[in-house]
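The residues of the chain are indexed from 1 along the displayed sequence. This is a predicted model, so every value here is computed, not measured.
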Amino acid sequence: MVRFGLVQAALGAIVVLTTSTMNRVMVVELALPAMLPGALVALHFAVQVTRPRMGHGSDVGGRRTPWIIGGMAVLALGGVLAALSIGWLATDPAWGTALAVLAFLMIGLGVGAAGTSLLVLMASRVASGRRAAAATVTWVMMIVGFIVTTAIVGSLLDPFSPARLLSITASVAAIALAVSTLAVWGLEGRPAKPMARAQAPAKVPFRAALAQVWGEPAARGFAVFVFLSMLAYSAQDLILEPFAGAVFGLTPGETTKLSSLQHGGVLAGMILVAIVGSLSRGKGPGSLRAWTVGGCVASALTLASLGLGGLMAPAWPLKACVFALGIANGAFAVAAIGSMMERVGAGSQGRDGVRMGLWGAAQAIAFGLGGFLGTAAADLARAVFADPGTAYAAVFLAEGVLFLAAAQMALRLDFDRAAPVEPVRTELVGISRA
């Protein structure tokens with residue numbers, strides 16, 4: 001579990017710099033429209049629609065490790081190119097934008113390849129009764145990686161310069177690639193199911209395999225839930241640091257540390273869910289449903305408090321609100337991850353990679369739309385309202401409404417257990433209807 005967690009921490013260390021720190025630099029230091037980093041991050045999520053195809057490739061090949069290491073290499077190079085594009089954006093916006101587009105495409109492909117195969121490998125190597133616990137441990141380590149990375153980078157980044165950002169990012173990328181390679185090396189061992197390669201389903205073409213998974217009612221319904229809930233979860237991600245800089249006057253280093261504080265809250269929320277869930281044995285207040293619904297409602301309330309803070313800045317406990325938002329987000333996230341880990345094997349044999357890829361693609365599309373719509377809403381609100389605090393308050397309140405809608409949907413889903421899957425046909429007509 002620790003080795004799985006090291007890979008997730010390494011992956012997150014690169015991603016957090018591109019989606020958090022570089023986002024703020026583009027908006028505040030370079031005075032670019034918030035929609036530019038929003039579109040770039042949306043692009044890195046959009047390219048992750050290839051996750052099911054990557055999962056199918058690891059299903060057919062019977063090995064997850066090459067996809068994990070290869071994906072991390074592509075991700076590391078993309079992170080370095082993204083940092084390099086910051087300097088170009090300041091001197092040559094056209095070429096800087098072109099390089100940024102290439103960089104974020106590589107980041108998306110790297111995350112998709114490494115993340116999908118890592119989740120499937122973890123599900124196959126951990127006993128069924130321990131998958132939720134394994135997911136919690138792994139994601140806690142990833143959040144710790146977020147905290148350590150943002151805290152250290154925040155301390156080293158001031159006084160800011162594009163050259164300093166590039167050197168720091170290159171160092172983080174090199175360390176992340178080395179750590180993830182050492183962590184996963186030899187971890188897969190022999191296939192958990194030696195007969196999997198010889199089974200006919202593994203040789204089915206990708207489109208037929210995807211149609212088969214989409215034809216599973218449980219997998220399809222869970223994909224829709226993941227999309228809607230993660231859309232609400234991601235809408236505030238790209239505007240928090242610009243909000244703190246524009247409304248509360250924080251420096252790049254200070255807003256990066258604020259991001260670290262938020263991730264600390266996420267870590268606390270995940271640990272809280274793990275403790276209560278273990279004590280209650282996953283029933284009552286410790287059930288996945290309870291924590292998902294409660295996390296969505298709590299996220300809505302904390303977003304409302306941030307909106308109020310925008311109207312009352314600087315006399316508002318910004319750090320406390322951000323930490324509380326992290327706790328709520330962490331509680332929701334670990335419940336969704338636990339459900340995903342439990343369900344990945346509930347369906348047609350030999351399709352774990354496609355199934356996880358489908359859910360990962362739904363999450364990525366939701367994150368891409370959420371980030372872009374959040375930044376677009378921020379730009380629109382700032383055009384309508386003269387006061388930045390009022391503009392951001394309107395956006396935060398709208399995002400809170402999305403969380404309440406996600407909570408309402410969660411009440412209708414039975415995702416505390418994986419329902420049996422009926423046999424389905426693999427003809428392409430099923431996917432064409434979808």
What pairs meet the side-chain hydrogen bond (donor to acceptor under 3.5 Å, both in side chains) rule with one or both residues in [range], with sequence neighbours excluded?
range: residues 37-47; answer: none
range: residues 141-156; answer: Thr150-Ser260
range: residues 166-176; answer: none

With sequence neighbours excluded, what pairs up with Phe206 under the ring pair (Phe, Tyr, Trp, His ring centres under 6.0 Å) test?
-> His56

Just jot down the ring pair (Phe, Tyr, Trp, His ring centres under 6.0 Å) partners of Phe248, sequence neighbours excluded, or say none.
->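 Here the qualifying residues are Phe243.
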
Between [X] and [Y], which heavy-atom pair has the shortest distance, and what is it?
X: Ala9; Y: Met141; answer: CB-O, 3.5 Å
X: Gly110; Y: Val74; answer: N-CG1, 4.1 Å
X: Ile14; Y: Ala76; answer: CD1-CA, 3.8 Å
X: Ala173; Y: Val80; answer: CB-CG2, 3.9 Å
X: Leu11; Y: Gly115; answer: CD1-N, 4.2 Å
X: Pro37; Y: Met26; answer: CB-SD, 3.7 Å

Can you give me every donor-acceptor pair (side chain of residues 362-378, partner residue at least two apart or in another chain, under 3.5 Å) with its distance?
| residue | atom | partner | partner atom | Å |
| --- | --- | --- | --- | --- |
| Thr375 | OG1 | Gly371 | O | 3.1 |
| Thr375 | OG1 | Phe372 | O | 2.9 |

[X] side, atom [atom1]; [Y] side, atom [atom2] - distance, nearest 0.5 Å:
X: Met22; Y: Leu89; atom1: CE; atom2: CG; answer: 11.0 Å
X: Thr116; Y: Trp67; atom1: OG1; atom2: CH2; answer: 9.5 Å
X: Thr21; Y: Leu157; atom1: OG1; atom2: CG; answer: 6.5 Å
X: Met54; Y: Arg64; atom1: CE; atom2: CZ; answer: 14.0 Å
X: Glu254; Y: Leu258; atom1: CD; atom2: CG; answer: 9.5 Å
X: Thr18; Y: Leu81; atom1: OG1; atom2: CG; answer: 12.0 Å

Within the side chain of [X], is there an N or O that forms a donor-acceptor pair under 3.5 Å with the backbone of [Y]?
X: Thr255; Y: Pro252; answer: yes
X: Arg164; Y: Leu156; answer: yes
X: Trp359; Y: Ala219; answer: yes

Residues at least two apart in sequence or cross-chain that pass side chain to side chain donor-acceptor pair (under 3.5 Å) with Thr50, listed by chain then number, are none

Distance-only check: which donor-acceptor pairs under 3.5 Å involve side-chain atoms of residues 301-321, not counting sequence neighbours?
| residue | atom | partner | partner atom | Å |
| --- | --- | --- | --- | --- |
| Thr302 | OG1 | Ala298 | O | 3.1 |
| Thr302 | OG1 | Ser299 | O | 2.9 |
| Ser305 | OG | Thr302 | O | 2.5 |
| Trp316 | NE1 | Ser305 | O | 3.2 |

Show your working on side-chain contact (heavy atoms from CB on, under 4.5 Å) between Val27 and Leu32 and close with a plain yes or no.
-> CA-CA 5 Å; Val27 175; Leu32 296 171; over 6 Å; no

Qualifying ring-ring contact (aromatic ring centres under 6.0 Å, His included) pairs with a residue from residues 323-343, counting only residues at least two apart or across chains |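 Passing the test, one end in residues 323-343: Tyr233-Phe332.
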
Residues in side chain to side chain contact (heavy atoms under 4.5 Å, CB included) contact with Leu267, at least two apart in sequence or another chain =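 Val140, Ile143, Val144, Ile147, Ile271.
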
Could you check if a side-chain atom of [X] sits within less than 4.5 angstrom of a side-chain atom of [Y], using non-hydrogen atoms only?
X: Asn23; Y: Val41; value: no
X: Leu121; Y: Phe4; value: yes
X: Met270; Y: Met142; value: no
X: Phe104; Y: Ile107; value: yes
X: Leu187; Y: Thr65; value: no

Which atom pairs, donor and acceptor, lie under 3.5 Å between side-chain atoms of residues 383-406 and protein residues at least two apart or in another chain?
| residue | atom | partner | partner atom | Å |
| --- | --- | --- | --- | --- |
| Asp387 | OD2 | Thr390 | N | 3.2 |
| Asp387 | OD2 | Thr390 | OG1 | 3.0 |

Please set out all donor-acceptor pairs under 3.5 angstrom arising from side-chain atoms of residues 174-186, sequence neighbours excluded.
| residue | atom | partner | partner atom | Å |
| --- | --- | --- | --- | --- |
| Ser180 | OG | Ala176 | O | 2.9 |
| Ser180 | OG | Leu177 | O | 3.0 |
| Thr181 | OG1 | Leu177 | O | 2.8 |

